[in-house]
> 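Take this structure, written in structure tokens, and hold onto it; I'll ask about it next.
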Amino acid sequence: MTRTNLVNQSTALTFAAILLPSAAAAETVGNVDVDWLGNDIVIEAFADPEVDGVTCHVAYFERGLIDRLQNGNWFEDPSNSSIACRQTGPISIGDINRSDEGESVFSERRSIIWKSLNVKRIFDEGNQTLIYIAHAREVQNGSAKMSISTVPLFDQ
């Protein structure tokens, strides 16, 4: 890899870190082409930063360049997402928020300013279950599109 490529990658990563703040870092583990316009379904994995042993996979739609050229609206992707969270090791719960609002464990921008994909964790203490909900967060006209996954805490 050339020095120029390393500098460009470093600059891109720095820019991404500023624009895409999140409570947990995600790793792209899958990318499914869905049509000839370059639209994809992206699958990312992230570990819960406060609960060891839980990994979530989020899938979302990402518009391709041809679709953006054809339809305009360059800077926005749809709100659609799906989530699945599973125990991937011994579970150890840290100091988590136990309110009914829960706490954000992952966030990623889906447009320049207005929209982001969020994952919140809510602890259902009565049923000893962690609930993860993926939803879009918008400045106005909030979306009803969401997806939910649960991780039971057997013998915790």
Side-chain angles (χ1 to χ4, degrees), residues 11-88 91 93-153:
T11 302
L13 288 173
T14 301
F15 186 66
I18 291 168
L19 284 181
L20 305 172
S22 67
E27 172 189 1
T28 300
V29 296
N31 191 318
V32 178
D33 297 333
V34 296
D35 61 23
W36 65 272
L37 297 175
N39 295 318
D40 295 332
I41 296 173
V42 178
I43 304 165
E44 295 182 337
F46 66 92
D48 186 321
E50 297 293 329
V51 180
D52 292 337
V54 173
T55 301
C56 295
H57 292 88
V58 177
Y60 58 87
F61 186 81
E62 186 171 71
R63 292 174 53 222
L65 178 63
I66 295 171
D67 185 21
R68 291 175 193 275
L69 285 170
Q70 237 178 11
N71 297 314
N73 197 354
W74 277 87
F75 304 108
E76 190 170 316
D77 284 320
S79 301
N80 304 353
S81 66
S82 180
I83 188 169
C85 300
R86 299 292 182 265
Q87 180 176 355
T88 53
I91 293 180
I93 298 176
D95 184 24
I96 64 172
N97 182 328
R98 293 173 182 250
S99 73
D100 64 351
E101 276 286 316
E103 67 184 305
S104 181
V105 294
F106 177 78
S107 180
E108 183 172 82
R109 292 204 184 277
R110 303 305 300 143
S111 73
I112 290 251
I113 298 172
W114 307 112
K115 188 187 317 182
S116 63
L117 168 65
N118 289 289
V119 175
K120 288 189 111 177
R121 176 197 340 97
I122 298 170
F123 181 45
D124 177 356
E125 196 160 2
N127 292 303
Q128 287 296 290
T129 302
L130 295 171
I131 302 166
Y132 294 86
I133 183 165
H135 65 94
R137 183 161 180 98
E138 300 181 35
V139 174
Q140 64 180 26
N141 302 325
S143 174
K145 297 174 184 173
M146 77 209 71
S147 183
I148 189 169
S149 186
T150 62
V151 177
L153 301 174

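All of these numbers come straight from a predicted model, not from anything done at the bench.
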> Would you check if L153 and I93 make a side-chain contact, meaning some heavy-atom pair closer than 4.5 Å?
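L153 vs I93: side chains touch.
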> Residues two or more places apart in sequence or in another chain: which of them pass side-chain hydrogen bond (donor to acceptor under 3.5 Å, both in side chains) with T88?
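Residues passing side-chain hydrogen bond (donor to acceptor under 3.5 Å, both in side chains) with T88: T55.
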> Provide the closest heavy-atom pair for N118 versus S104 in the form atom of the first, atom of the second, distance.
OD1-OG, 4.3 Å
> Just how far is it from atom CE of M146 to atom CG of N80, taken to the nearest 0.5 Å?
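Answer rounded to 0.5 Å: 12.0 Å.
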> I'd like to know whether CD of E101 has more than 12 heavy-atom contacts from other residues, nucleotides or ligands below 6.0 angstrom.
no
> With rounding to the nearest 0.5 Å, note down the distance linking OG1 in T150 to CD1 in I122.
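If I round to the nearest 0.5 Å, the distance is 12.0 Å.
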> What are the two closest non-hydrogen atoms of S149 and C85, and how far apart are they?
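Nearest heavy atoms, S149 then C85: OG-N, 2.8 Å.
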> Please confirm whether the backbone N or O of N97 pairs with a side-chain atom of E103, one donor and one acceptor, at under 3.5 Å?
yes
> Report yes or no: does K145 contribute a side-chain atom to a donor-acceptor pair with the main-chain N or O of S81 at less than 3.5 Å?
no
> Roughly how far apart are D124 CG and D100 CG, rounded to 0.5 Å?
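CG of D100 is found 11.5 Å from CG of D124.
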> Which heavy atom of A134 sits nearest a heavy atom of L117, and at what distance?
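Heavy-atom minimum between the residues: CB-CD1, 4.5 Å.
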> What are the two closest non-hydrogen atoms of I43 and A59, and how far apart are they?
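Heavy atoms of I43 and A59 come nearest at CG1-CB, 4.1 Å.
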> For I66, which residues count as a side-chain contact (heavy atoms from CB on, under 4.5 Å) partner, sequence neighbours excluded?
W36, L37
> Holding to side-chain hydrogen bond (donor to acceptor under 3.5 Å, both in side chains), I want the full list of residues that pass it with E125, two or more places apart in sequence or in another chain.
none
> Kindly indicate whether the side chain of D67, heavy atoms from C-beta on, has any atom under 4.5 Å from the side chain of D35.
no
> Less than 4.5 Å apart, any side-chain heavy atom of L130 and any of F123?
yes
> Can you run down the salt bridge (Lys or Arg N to Asp or Glu O under 4.0 Å) pairs that involve residues 47-60, sequence neighbours left out, and say none if there aren't any?
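Every salt bridge (Lys or Arg N to Asp or Glu O under 4.0 Å) pair that includes a residue of residues 47-60, provided the two are not neighbours, is D48-R121.
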> Between Q87 and P152, is there a side-chain heavy-atom distance shorter than 4.5 Å?
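When only atoms from C-beta onward are counted, Q87 and P152 do not touch, as no gap falls below 4.5 Å.
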> Which residues pass the salt bridge (Lys or Arg N to Asp or Glu O under 4.0 Å) test with D40, not counting sequence neighbours?
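Partners of D40 under the salt bridge (Lys or Arg N to Asp or Glu O under 4.0 Å) test: none.
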> Taking the side chain as every heavy atom from C-beta outward, state whether F46 and H57 have any pair of such atoms under 4.5 Å apart.
no
> Which residues pass the side-chain hydrogen bond (donor to acceptor under 3.5 Å, both in side chains) test with N31, sequence neighbours left out?
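Counting only residues at least two positions away or on another chain, N31 forms no side-chain hydrogen bond (donor to acceptor under 3.5 Å, both in side chains).
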> Please report the shortest heavy-atom distance between E44 and A26, naming the atom on each side.
OE1-CB, 3.6 Å
> With no hydrogens and no angle check, is any side-chain donor or acceptor of S147 less than 3.5 Å from a backbone partner on I83?
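Pair found, side chain donor or acceptor close to backbone of I83.
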